[in-house]
S.K.: 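Okay, handing you the structure first.
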There are 2 protein chains.
Amino acid sequence: MSSQLKPGTSNACNITALSLACEVNDVLRDISPRWKMQVLHKIAAGTKQFSSLKLAFPSLSDQILGKRLSELVDDELIDKVIIEEKAPKRIHYFITDKGLELLKIIDDLHQWGLKWY
Amino acid sequence: MSSQLKPGTSNACNITALSLACEVNDVLRDISPRWKMQVLHKIAAGTKQFSSLKLAFPSLSDQILGKRLSELVDDELIDKVIIEEKAPKRIHYFITDKGLELLKIIDDLHQWGLKWY
DNA sequence: AGGTATACTCACTTTAGGGTGAGTTATTGT
DNA sequence: ACAATAACTCACCCTAAAGTGAGTATACCT
């Protein structure tokens, strides 16, 4: 048993937010889909193309990768830059500032996992 | 378009972990179930009993609350303390150090959400 | 004797998400 | 002429998660 709150401490805790509003729900729902944060991380690490991302995750299908990429674009976590319109299309993905800030927190989560799992 | 990595920067990025291993998958899977982090937060804020938690989340059913609590106990994010064995049972829940460290990161996620959503 | 309270569990249905197969477009290489 | 390539989308299935209804134990209160 660890860190019980002292009785009479008026229910305050050292967590900044006094009430975890729905934003956290939304954030968690948006970051939890399988592969999504790994793909984001890979893009942050410089992997720009669909095909290279495919190679990076052999057990991830084209379809799911496409879905995750469009989600990441919709979330404004990555930017999609069209290099060549005509087939064979060439598109590059880049992480945004918003995505980079999120990744820092995801990395904290990773560190927490390493410590406690 | 924001923060593209400079070409030739050898794919390094300012994220600590060089590769986001499966731990992040596991962590995300464990924290994403609906209500779970909110229940954890409420417990951290001093709400100790099943019935008080029920009142705190009117749209959360007994069954899901029970499931989330047992998950949180299994994850060692909360401790379950039996106050009275015989019916009517009385049980108190307390957050663990592990849970408290996680909540700090969840709060960062919350702040990130407030900033960017 | 019947109702209430606490903290659940079990079985079931419904919904959302993950995953698969096929098809598209236009250009380059053999 | 034919295959390959890049980056997808559409339609479908199937499993896992969410949510719902009912039931349980025991003691106290009226």
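Order of the sequence lines fixes the chain letters, A, B, ..., with proteins taken first and strands second; residue numbering starts at 1 for each chain. The model shown is predicted, which means the values in this text are computed figures rather than measured ones. Values reported hereafter were calculated over all heavy atoms of this structure, with side chains retained and with hydrogens, waters and symmetry mates removed.
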S.K.: What's the CZ-P distance between B/F57 and D/dG19, to the nearest Å?
M.R.: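 Atom CZ in B/F57 sits about 13 Å away from atom P in D/dG19.
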S.K.: Find the distance A/K54:NZ to D/dA4:C1' and express it as a whole number of Å.
M.R.: 12 Å
S.K.: Expressed in angstrom and rounded to an integer, what is the separation of B/E84 atom CD from C/dA7 atom P?
M.R.: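 Taking atom P of C/dA7 as the reference, CD of B/E84 is at 11 Å.
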S.K.: Closest-nucleotide mapping onto DNA chain C: is A/I64 or A/K89 further toward the 5' terminus? I mean the 5' end.
M.R.: A/I64
S.K.: Between atom NZ in B/K36 and atom P in D/dA18, what is the gap in whole Å?
M.R.: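 Atom-to-atom, B/K36 to D/dA18, this comes out as 10 Å.
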S.K.: Side-chain donor or acceptor of A/Q63 under 3.5 Å from a matching atom on the base of C/dG18?
M.R.: no
S.K.: Can you see if the side chain of B/R29 gets near the phosphate of D/dA17 - specifically, an N or O under 4.0 Å from OP1 or OP2?
M.R.: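 B/R29 to D/dA17 OP1/OP2: no side-chain N or O under 4.0 Å.
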S.K.: Does B/K67 have a side-chain nitrogen or oxygen under 4.0 Å from the phosphate oxygens OP1 or OP2 of C/dA7?
M.R.: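 For C/dA7, OP1/OP2 do not have a side-chain N/O of B/K67 under 4.0 Å.
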S.K.: Is it true that a side-chain atom of B/W112 and a backbone atom of A/K98 form a donor plus acceptor pair closer than 3.5 Å?
M.R.: yes
S.K.: Return no unless some side-chain N or O of B/Y93 is found under 4.0 Å from OP1 or OP2 of C/dC8.
M.R.: yes
S.K.: Determine: side-chain N/O of B/S51 to OP1/OP2 of C/dA7, distance under 4.0 Å, yes or no.
M.R.: yes
S.K.: Would you mind telling me which of D/dA27, D/dA6, D/dC8 lies closest to the side-chain atoms of B/P88?
M.R.: D/dA27
S.K.: With respect to the phosphate group of D/dG19, does any side-chain polar atom (N or O) of B/W35 fall under 4.0 Å of OP1 or OP2?
M.R.: yes
S.K.: Once you round it to whole Å, what is the distance between P of C/dG17 and CG of A/L28?
M.R.: 14 Å
S.K.: Rounded to whole angstroms, how far apart are CG on B/D62 and C1' on D/dG19?
M.R.: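 That distance rounds to 12 Å.
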S.K.: Between A/Y93 and A/I43, which heavy-atom pair has the shortest distance, and what is it?
M.R.: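 Closest pair (atom of A/Y93, atom of A/I43, distance): O-CG2, 3.7 Å.
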S.K.: For a quick check of understanding: with a heavy-atom distance under 4.0 Å over all strands, which category does B/I91 fall into, base, sugar-phosphate or nothing?
M.R.: sugar-phosphate
S.K.: Taking atom P of C/dT9 as reference, at what distance in whole Å does atom CG of B/D74 sit?
M.R.: 10 Å
S.K.: Which nucleotide in the set D/dA25, D/dT20, D/dA6 lies at the smallest distance from any side-chain heavy atom of B/A87?
M.R.: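 The nucleotide sitting nearest to the side chain is D/dA25.
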S.K.: Quickly, which of B/D30, B/D75, B/D26 forms a side chain to side chain donor-acceptor pair (under 3.5 Å) with A/Y117? Name it, please.
M.R.: B/D30
S.K.: Whole angstroms only, please: what is the CD-P distance between A/E71 and C/dG19?
M.R.: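 To the nearest whole Å, that distance equals 12 Å.
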S.K.: Any idea which heavy atoms bring A/Q49 and A/I91 closest together, and the distance?
M.R.: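 Minimum heavy-atom separation between A/Q49 and A/I91: CG-O, 3.6 Å.
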S.K.: Should B/D97 and A/W116 count as side-chain neighbours, where that means a heavy-atom distance under 4.5 Å?
M.R.: yes
